[in-house]
Structure formats: structure tokens, C-alpha cells
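Chain naming here is simple, since letters A, B, ... match the order of the sequence lines and numbering starts at 1 in each.
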Amino acid sequence: MKSKTADRLATGVFIAIAIIIISILVGLFSYILVNGLKHISWEFLTTPSSNIRAGGGIRDQLFNSFYILLITMIIAVPLGIGGGIYMAEYAKPGKVTDIIRSCIEVLASLPSIVIGMFGLLMFVNITGWGYTILGGALALTVFNLPVIVRVSEDSIRSVPRDLKEASLALGITHWHTIKTVLLPSAFPSILTGIILAAGRVFGEAAALLFTAGLSTPRLDYGNWNPFSAQSPLNIFRPAETLAVHIWSVNTQGLIPDVEEVSNGSAAVLVISVLLFNLLARWIGRLIHKKITATK
Amino acid sequence: MVSALMDKQTGKQAGESESKRNKESILEVNNLEIFYGEKRAVNGISMDIGKNSITALIGPSGCGKSTFLRSINRMNDLIPGARAEGEIIYEDLNILSEQINVVALRKEIGMVFQKPNPFPKSIYENITHALKFAGMKKKSKLDEIVEESLKKAALWEEVKDRLHKSALSLSGGQQQRLCIARTIAMKPTVMLLDEPSSALDPISNAKVEELIIDLKKDYSIIIVTHNMQQASRISDKTAFFLSGDLIEYEATEKIFTNPSVKKTEEYISGRFG
Ligand SMILES: Nc1ncnc2c1ncn2[C@@H]1O[C@H](COP(=O)(O)OP(=O)(O)OP(=O)(O)O)[C@@H](O)[C@H]1O
Ligand SMILES: [Mg+2]
């Protein structure tokens, strides 16, 4: 075969693959949006859900999803980046480091339902907290940490060695070099990893079933005291998220409008992840521009 | 200065007993051997490096020039398995000693690399990065040093209107002069240059050479180069390396007109390497 023909063939195959991927994505999105958008209204987003009557909304579930995401990220991002820095810059190559790396990989590939069971044991029973937002966030941290560690390690390693040497050769300490040269350069790829992890957290149901629970207490959005039982900010209350809500109305819902609620919720979930993604990227770009002085 | 280099105040006697050391030299290398794992890359070399002079290191690829240069500011510490034996005496202290504070050492012995490696920050921040870390916070003082070092590096006129633009928007030659400027800004006593103009066009190269000659007033410079003309144009002394050995170390004029070792002559006249 002439190399030109081979080249054309390869190009054709790749274009075909790209088309398949794009059509799957478009198909999925339009299916979810077409079925769900018509159920989304201001009322749907701002009324609490109902257990038996039709016309319930998803106010609390939506809030819970974002809140658990926030708490998870507050715990997982510093730990994950810290772990990544350790693995990339401090861990001496050798047996121990290899073992740590294998553990991280195993942890990253655990099915989320298993992490849910582990969370039930650790953060619900042993601690005696019962179903809580914190328990859910910790389970999701276990679920996400390996990914963030891995992404941070890879991103830091891929910063050109030149830059690190340049900084050290100017009489700057290792730690300061990490903070001011390596992390800023690795920032865009770490951010991408974190966004992917956040998307997974936002859509996760299995790990939360047994840790954050299937119910939400009656919330008073005017109550900002994080220690009050009615406060949405209380991290020691049970919290059903959007993804868990979709699962629960479909499997054990008594409401007559199961389909409407779950399709609407699915659309809200997808749109939220999308918006969240775009927003995070936009902010990331702003920060990156600022630190690299590019316009 | 000297005491800042020591983590602990020990082992000073060795230096004091030899206070009659040659004051003309800034560095004294005694029997330096450098290993990468089992492999020896530098085989016991000894030489004095002159103060306020330019010393050129020449020799074929892989003969250990960079390895030697990087041992002077302890950059080889970053390479797992790299290890040095012997002595490099700087201000009566052995640089290779465990007790040397490498961070302080690198402030005094600056380095410019073969490939321009500016930080992906603004031109201004490239220079202030290390100054700020060293504790200089005052804006007016920083501005002053930025201007002064860019002027010394012959870059000021070209960048004075775009100090807060990204350093990566500069040409390769400008980037390299920026790297020299940020090293100058730290006011080192010794500057190590590893083929600083090999990636540059002839015009930038000429500028960098001019700059290096000019820097001799204030600094002691060691430069690795593959360019024989460059070595003969700018250096005071030249050291010829071959497979880890120091073959000949003489005044540049002597090396290039009347070398005493046959190998040196062969290399300089381009018969191998
Ligand atoms: N990181 C390293 N690990 C192992 N061996 C190395 C390392 N760096 C250099 N060497 C070896 O040490 C020897 C000297 O290398 P060095 O880089 O000092 O040569 P050089 O004279 O600077 O060459 P060039 O002119 O090509 O830059 C070479 O044989 C090289 O293979
Ligand atoms: Mg070299």
C-alpha cells in the first residue's frame, strides 16, 4: 500500500471515530435534555420534594449536591495536591514509593459501591454519626483522592526540569520552588483533573447511599447557623443528593410523577455539571493568565 | 558571607591553616572526582579559577564539562546517584562538604543554562522572583534592581516598555539575556555559564559575548563552550577536557597559539571532537 493511501485511510478512520464519539455525546445530551427540560421550571427548582404527592421539586437535593461537592473538595483538593507534591518531589524512588503508588492505583479503581460500604462502616457506624454530609464527603474523598493525587503528581512531573533547575540555581529553596514555580506551571492540568473529579463527585450515587443517606430533614434556608439541625449548612445532617434522588424515586418512589421528576432531575444534573465545568475553566484561565502574565 | 554558607560552625580549621592561599583565585579545585552511580565522569582534576577573570572549558561532547560546572553550585545534588569526591575550595570552605548550605551557596555562585529557561511569568517577575524570596520586599528597591540588571544584561532598551509582559514573548536571544540578568540581580561572586550562546543567532551571540566580557569587572566567570572562536575571543584562561581528564589548563593565548599537549592542538584545530 502506498504511504499516501495509508495516510488517507488512517485519517478516515480517526474522523469516523470522532464522529461516533460526538454523535453518542450529542444523542445522550439531547435525549436527556429533550426529556427533562420541559419539566424544569423555577418551581421545580425551588420547592422541596414530596414523598407521596405529585408536583414535588428538587430544591434540597440540588443544594445538597453542591454542598457535598464543596465539602468534599475542601477536604480532597489540599490532601490530593499535597500527596501529588510528595509523590513527585519528595518520595525517593524505591520499594516504599512503589507500594504507595500501587495502593493509590488500587484505590482509584475500587467500585464506588464498595467505597459506600466502607463509608458506612467507618463514617456512619464506627464514628456513630449516622447518615451525615460529612460522612458522605469523606466517602467521596476516598473515592476521589487517588485521582487527584495521580493527576497532581503527573502534572508536577511534566513541568520542564529546566524551570526547576533555574529556580534552585538562583538560591531558592526546594519548597519555595514548588510553591512558586512548579505548582503555577502545573496548575492548568491539575485544574482539569479536579474538574473531572468534581464531575464524578457530583454525579455519584452509590458511595452516598449508605453515607449521606436517602433523606433530608426539613431545612430552613434562613438559618445560617451551621450547628443548628434545621440549617442547610449543618454538616452533621443527612442529605439526599440529586443523583441519589434520581435513583431513589425510580426504585422506591411512591409519587405518581416519577418519570417527570427523574427526567427533570437528570437534566438539571447534566446542566449543572456542564455549567460547573465551564465556570471552573473560565476561572482557571483567568488565574493562569494572571500568574503567567500572558494577555 | 562565609559563615552563611555553613549549616554548622565546624571544620573551619582546614581553611585557616592555609591562609596563604593564592588571593588571585576564587575557586581551588583539588583532586575532584565525580561519579554517576558507578560510572566516573570526572577523573580527579585540580585547577585554580581566577578571580575577576573568564575561564573557558572546552572539550568534546561527553568529556565532563557540564558535570564539573554543575558540581560547583551543587546542581548535581538533584541527580540521584551523583556524587563528588575531592575538594572545591571557595572562601576557605569546601563547597562539596555536607555542611554547606546549598541554598546560600547558589546565591553566591549563579548559573546560566544552555537552553534559555525563563519562568513563565512576566519579565519583571523573572528578575524579582529570587529577590523576593531573599527577603527584598520594597517596590522601589526591586524596580531599581530590575532596571540595573537588565541594563547590565544589555536588555533594558528592548524591554523597558513591556516589563509586565510574559518573558516567553521574548526571542531566544532576549530570553537568554534575561536569564543572565536574573542571575546578575542576585549579585553572585561567581557565574557559571554552560554554553550560554549555543542556541542563539550570531547577532544575539555577539551581544551575549560582549556582555560576558563586560561582566568580568564584577564577577568571576566560568564558561563552557564548543565554539573555539568564542573561547579565544573572550576568555583569559582555557581548560581542555578529554574523557573526564583535565588535559591542559593555560592562558588562552598559549592554548590557542602554542599548546603543549598534542591532543589539545588536535582538538583546537578541529581534527577530532
Ligand atoms: N544524569 C546523568 N546520569 C548518568 N550519566 C551522566 C549524567 N549526566 C552526564 N552523564 C555522563 O557523564 C559524562 C559527562 O557528561 P557531561 O554532560 O558532563 O558532558 P559535557 O562535556 O557537558 O558534554 P556536552 O558538550 O555534550 O554538553 C558523559 O559520559 C555522560 O554520559
Ligand atoms: Mg554539557
Side chains of B:L78 and A:L168: does their closest heavy-atom pair fall under 4.5 Å? yes

Count the heavy atoms of every other residue, nucleotide or ligand shown that sit under 6.0 Å from NZ of B:K137, and state whether that count exceeds 12. yes

Counting only heavy atoms from other residues, nucleotides and ligands, does the tally under 6.0 Å from NZ of B:K216 exceed 12? yes

Count the heavy-atom pairs under 4.5 Å between each of B:M186, B:M111, B:M75 and chain A, then report the option with the highest count. B:M75

Check ion pair A:E165-B:R70 (N to O, under 4.0 angstrom): yes

Pick out which of A:V159, A:I291, A:L163 makes a side-chain contact (heavy atoms from CB on, under 4.5 Å) with B:P120. A:L163

For a quick test of reading the model, state the closest non-hydrogen atom pair linking [X] to [Y] and the distance between them.
X      : Y      : value
B:A130 : A:L170 : CB-CB, 3.8 Å
B:V103 : A:T173 : CG2-CG2, 3.8 Å
A:V181 : B:H129 : CG2-NE2, 3.5 Å

Examine whether an atom of B:P118 lies under 4.5 Å from a heavy atom of chain A, and if so say whether it belongs to the side chain, the backbone or both; otherwise answer neither. backbone

Using non-hydrogen atoms only, which part of B:F119 is less than 4.5 Å away from chain A: side chain, backbone, both, or neither? both

Please check: side-chain N/O of A:D162 versus main-chain N/O of B:N117, any donor-acceptor pairing under 3.5 Å? no

